[in-house]
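Quick caveat: nothing in here was measured; it's all calculated off a predicted structure. Below, chain A is the first sequence line, B the second, and so on; all start at residue 1.
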2 protein chains.
Amino acid sequence: MALRSDWSADSCPIARSVDVVGDPWVLLVLREAFEGATRFEEFRALGIADNVLSRRLAGMVEAGLLERATYDGGNRPRHRYLLTGAGADLLPVLHALALWGERHRPRSTGRMELVHEACGRPTQSADTCSHCHVPVTAADVSWRLPKHPEALLPLAR
Amino acid sequence: MALRSDWSADSCPIARSVDVVGDPWVLLVLREAFEGATRFEEFRALGIADNVLSRRLAGMVEAGLLERATYDGGNRPRHRYLLTGAGADLLPVLHALALWGERHRPRSTGRMELVHEACGRPTQSADTCSHCHVPVTAADVSWRLPKHPEALLPLAR
DNA sequence: GGGTAGACTTTCTTCAAGCAAGCCAGATCC
DNA sequence: GGATCTGGCTTGCTTGAAGAAAGTCTACCC
């Protein structure tokens, strides 16, 4: 598609963010990372093509959203991709998308809820507990997902 | 790029939203719309190619983010693209991107601020006034943009 | 009736998404 | 010790969308 436009030096912070996360796979890889995925194999569950996943992971490491850590899994070296601070700070973007999706693209099969651990209630805000009025981060929120309505999933960070 | 993946019927609301706004131009067209752009000619200022803009506007109308209104500008029929409720509800997504961009891709030239009209203070949340703790929508917020640091821009809705 | 403005449409080239297959190193099976 | 498996990629191919530029169409402007 010829070289896609570059907004990395745009004067608008929205455009600069779009330059980083204005891609479906980046957002979905982030979602998987928050849900605990760390290995190449785990991210494949998204249904992304291998070459695209490889490129995206490398790009996200370069963009500072993920960090590639080498650890040994049974004395063979393995890598995992861990959320950086910058990556974890994108949680409100995912939450805003989740809230919009629930409202404007609803499905009958179970809702997603963003539960504030401290008070146990779902919040309707992307970054604040709508009950306690305190800011929430990955450390304070768990997700209740449509596919596992009984489980409450603490987020990676 | 072969046909891009389709998440419109995914069980995850994040994926369903990504299906709609997981594209740089859609997000930037939305930003322009919040800043008051309504006509084809005005959106061109984004630097988007005409054919791409044409397709995006049509897609966003079909997705229910924009509404194409015909009005008469000097007894010749003209169109404008207006934000729908669903489009306006994407404001928190743009705000979350703006806050992330300011924090993790800062520029020395002026900050963007999301000002809650009622109290006059900038909020650090995507959808709540961090001072008053009330939810904020396009009706309650104005943007202070890096390129016009003196102006306070009320948002379209 | 020539020019301009707005809103597109068409044509062309380039590049990335998607798909499939291949590769390589270490572990595990037999 | 050869064969298979697993994880994490890389390579090759096809198709379609992004980008750039030019063309179209309608209506007013002078």
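- Phosphate contact (OP1/OP2 of D:dA18, side-chain N/O of B:R55, threshold under 4.0 Å): present.
- Of all nucleotides listed (C:dT9, D:dG16, C:dC15), C:dC15 comes nearest to the side chain of A:L3.
- When rounded to the nearest whole Å, the span between CZ of A:R44 and P of C:dG18 equals 15 Å.
- One finds no side-chain N or O of B:R4 lying less than 4.0 angstrom from the OP1 or OP2 phosphate oxygen of C:dA16.
- Taking CH2 of A:W100 as the start and CG of B:D89 as the end, the distance is 8.5 Å to the nearest 0.5 Å.
- Comparing A:R39 and A:S5 along DNA chain D, the residue whose closest nucleotide (by nearest heavy atom) sits nearer the 5' end is A:R39.
- Residue B:R68 is in sugar-phosphate contact alone, with no base atom involved, counting any heavy-atom pair closer than 4.0 Å across all strands shown.
- Between D:dA20, D:dT10, D:dG8, one nucleotide has an atom nearer to the side chain of A:D50 than all others, and that is D:dT10.
- The side chain of A:Y81 places no N or O atom within less than 4.0 Å of a non-bridging phosphate oxygen (OP1 or OP2) of D:dG7.
- As rounded to whole Å, 8 Å separates atom P of C:dA17 from atom CD1 of A:I48.
- Atoms OG and CZ, from A:S8 and B:R105 in turn, are 9.0 Å apart once rounded to the nearest 0.5 Å.
- Rounded to whole Å, atom P of C:dG26 lies 19 Å from atom CD of A:E41.
- Comparing D:dA20, C:dA17, D:dT11 by their nearest atom to the side chain of A:N51 picks out D:dT11.
- As rounded to whole Å, 15 Å separates atom P of C:dG6 from atom CZ of B:F43.
- For the pair A:E42 CD and D:dG7 C1', the computed distance is 11 Å after rounding to whole Å.
- The two residues B:H133 and B:S130 have their closest heavy-atom pair at CE1-O, 3.6 Å.
- Regarding contacts with the backbone of D:dC9, every side-chain N or O of A:S54 stays at 4.0 angstrom or more from both OP1 and OP2.
- Of all nucleotides listed (D:dC9, C:dG18, D:dG16), C:dG18 comes nearest to the side chain of A:W25.
- Contact of the A:D19 side chain with the A:R4 side chain is registered, since non-hydrogen atoms from C-beta on lie closer than 4.5 Å.
- Nucleic acid contact for A:R56: sugar-phosphate only, since backbone atoms but no base atoms lie under 4.0 Å from a heavy atom of the residue.
- Separating the CG atom of B:D23 from the P atom of C:dA16 is a distance of 15 Å, rounded to the nearest angstrom.
- The NE2 atom of A:H79 sits 11 Å away from the C1' atom of C:dA25 (whole-angstrom rounding).
- To the nearest 0.5 Å, atoms CG (A:L66) and CG (A:L30) are separated by 6.5 Å.
- If you measure from atom CH2 of B:W7 to atom C1' of C:dA17, you get 10 Å, rounded to the nearest angstrom.
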